[in-house]
Amino acid sequence: MDDRLDGAAGVARPLTAAPTLAHSSLAHSWNLSTSEAVALQKRLATEVVREDRLGSVRRVAGVDVGYGKRGGDARAAVVVLDLADLTVLESVTATRAVAFPYVPGLLSFREAPVAIEALGKLRIRPDLLLCDGQGIAHPRRLGIASHLGLLLDIPSIGVAKSRLIGTHEDPGPRRGDWAPLVNKGEVIGAVLRTRPGTKPIYVSIGHRIGLDTAVSCVMRCTTRFRLPETTRAADRLSKVAVVADV
DNA sequence: GCGACAG
DNA sequence: ATCTTGTCGC
């Protein structure tokens, strides 16, 4: 079987589908109205798997999207690291014009298309995706991490720098301490202290992984900084990607 | 009706 | 997210 990623889109697709040009997201409807997007989220959310359904994790990908100064272009960057030593195995980028406004709760409709395009360029198929933003810690339980994980059928985790929804206590002061993020009586994520003396990060299930495993993986990808190395690497790349892409 | 609000 | 100068701290 082809090990490359298929571009996916509005609806989940089996991995056994024939290899495509890795740009198939273009062939799908990301151009939805906000109400249609909300309806799609509600439907896709029922497909999200909130428990460990992943093999051994070796290759972890960080996914991030940045924007040009003019605000017209979105640049996605994906960096795959070897979890054993956090060295870079592969990195790719993609750039395209933004086609959807930023609306809290609908971030994936703005950033997922270009992110999927970048992911489609990967030769390596990552075992896990660490996405910038929420997973199920979302009003309709389908943040960008869940959306991407579901469409690509790859285990994923949401790693956000700030809160979208939910309430929580302050996590302990030590690295690794975390407090549950709760919404409507449900634990939707973990507010994790990755570094003493700094603001905690918001970790949530993306797809095919449980919360405890997600927290564990994020910790393993985090060294001396607040954010995991995967996210930092992708973030840096997304800020210079426009030069290499355009 | 009044705030809150990933990136 | 991006726009921006200096400033506090290790």
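Quick note: numbers below take in every heavy atom, side chains included, and nothing from hydrogens, waters or symmetry partners. Just so we're on the same page: letters track the sequence lines, and every chain starts at 1.
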Could you tell me how far apart [X] ([atom1]) and [N] ([atom2]) are, to the nearest whole angstrom?
| X | N | atom1 | atom2 | answer |
| --- | --- | --- | --- | --- |
| Asp235(A) | dA6(B) | CG | P | 17 Å |
| Asp132(A) | dA6(B) | CG | P | 12 Å |
| Ile144(A) | dA6(B) | CD1 | P | 13 Å |
| His138(A) | dG7(B) | NE2 | P | 13 Å |
| Leu181(A) | dA6(B) | CG | P | 13 Å |
| His168(A) | dA6(B) | NE2 | P | 13 Å |
| Phe100(A) | dA6(B) | CZ | P | 15 Å |
| Leu142(A) | dA6(B) | CG | P | 17 Å |

Quick test: give all pairs of protein nitrogen or oxygen and nucleotides 3-5 of chain B nitrogen or oxygen below 3.5 Å, distance rounded to 0.1 Å.
unit_1	atom_1	unit_2	atom_2	d
dC5(B)	OP1	Arg163(A)	NH2	2.8

query: With a 4.0 Å cut-off on heavy atoms, is Gly105(A) in touch with a base, just the backbone sugar-phosphate, or nothing at all?
result: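 Touches a base.
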message: Base, sugar-phosphate or nothing for Leu106(A)? Non-hydrogen atoms, less than 4.0 Å.
response: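 The residue Leu106(A) makes base contact.
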statement: A correct dot-bracket answer for DNA chain C, with pairs being Watson-Crick or G-U at under 3.5 Å, [ ] for crossing pairs and | for inter-strand pairs, is ..........
message: Quick check: closest heavy atoms across Arg50(A) and Glu186(A), and the distance to 0.1 Å?
response: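 Taking every non-hydrogen atom into account, NH1-OE2, 2.6 Å.
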- request: Look at the aromatic rings of Phe109(A) and Phe100(A) and report parallel, tilted or perpendicular, splitting at 30° and 60°.
  value: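 The rings of Phe109(A) and Phe100(A) sit tilted, inter-plane angle from 30° to 60°.
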- prompt: For the residue pair Tyr202(A) and His168(A), does the interplanar ring angle fall in the parallel (under 30°), tilted (30 to 60°) or perpendicular (over 60°) class?
  reply: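 It falls in the perpendicular class, over 60°.
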Report, as yes or no, whether the 6.0 Å neighbourhood of atom [atom1] on [X] holds more than 12 heavy atoms from other residues, nucleotides or ligands.
| X | atom1 | result |
| --- | --- | --- |
| Arg175(A) | CZ | yes |
| Lys199(A) | NZ | yes |
| Arg220(A) | CZ | no |

- request: Say whether Leu150(A) and Leu106(A) are linked into one hydrophobic cluster, either directly or through other cluster members, by side-chain heavy-atom distances under 4.5 angstrom.
  value: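 Yes.
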task: May I have the step-by-step check of side-chain contact (heavy atoms from CB on, under 4.5 Å) for Trp178(A) and Leu211(A), ending in yes or no?
output: CA-CA 11 Å; Trp178(A) 63 274; Leu211(A) 185 57; 4.2 Å; yes
query: Do Glu111(A) and Tyr102(A) meet the criterion of a side-chain donor-acceptor pair at a distance under 3.5 Å?
result: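 Short answer, no.
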query: Salt bridge between Asp153(A) and Arg208(A), side-chain N to carboxylate O under 4.0 Å?
result: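 The answer is yes: the pair qualifies as a salt bridge.
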task: Show your working on side-chain contact (heavy atoms from CB on, under 4.5 Å) between Ser156(A) and Ile209(A) and close with a plain yes or no.
output: CA-CA 7 Å; Ser156(A) 65; Ile209(A) 193 168; over 6 Å; no
message: Please encode protein proximity along nucleotides 4-10 of chain C as a string of B, S and -, counting only heavy-atom distances under 4.0 Å.
response: -------
message: Does dA6(B) have OP1 or OP2 under 4.0 Å away from a side-chain N or O of Lys161(A)?
response: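 So the side chain of Lys161(A) is outside the cut-off, no N or O lying under 4.0 Å from OP1 or OP2 of dA6(B).
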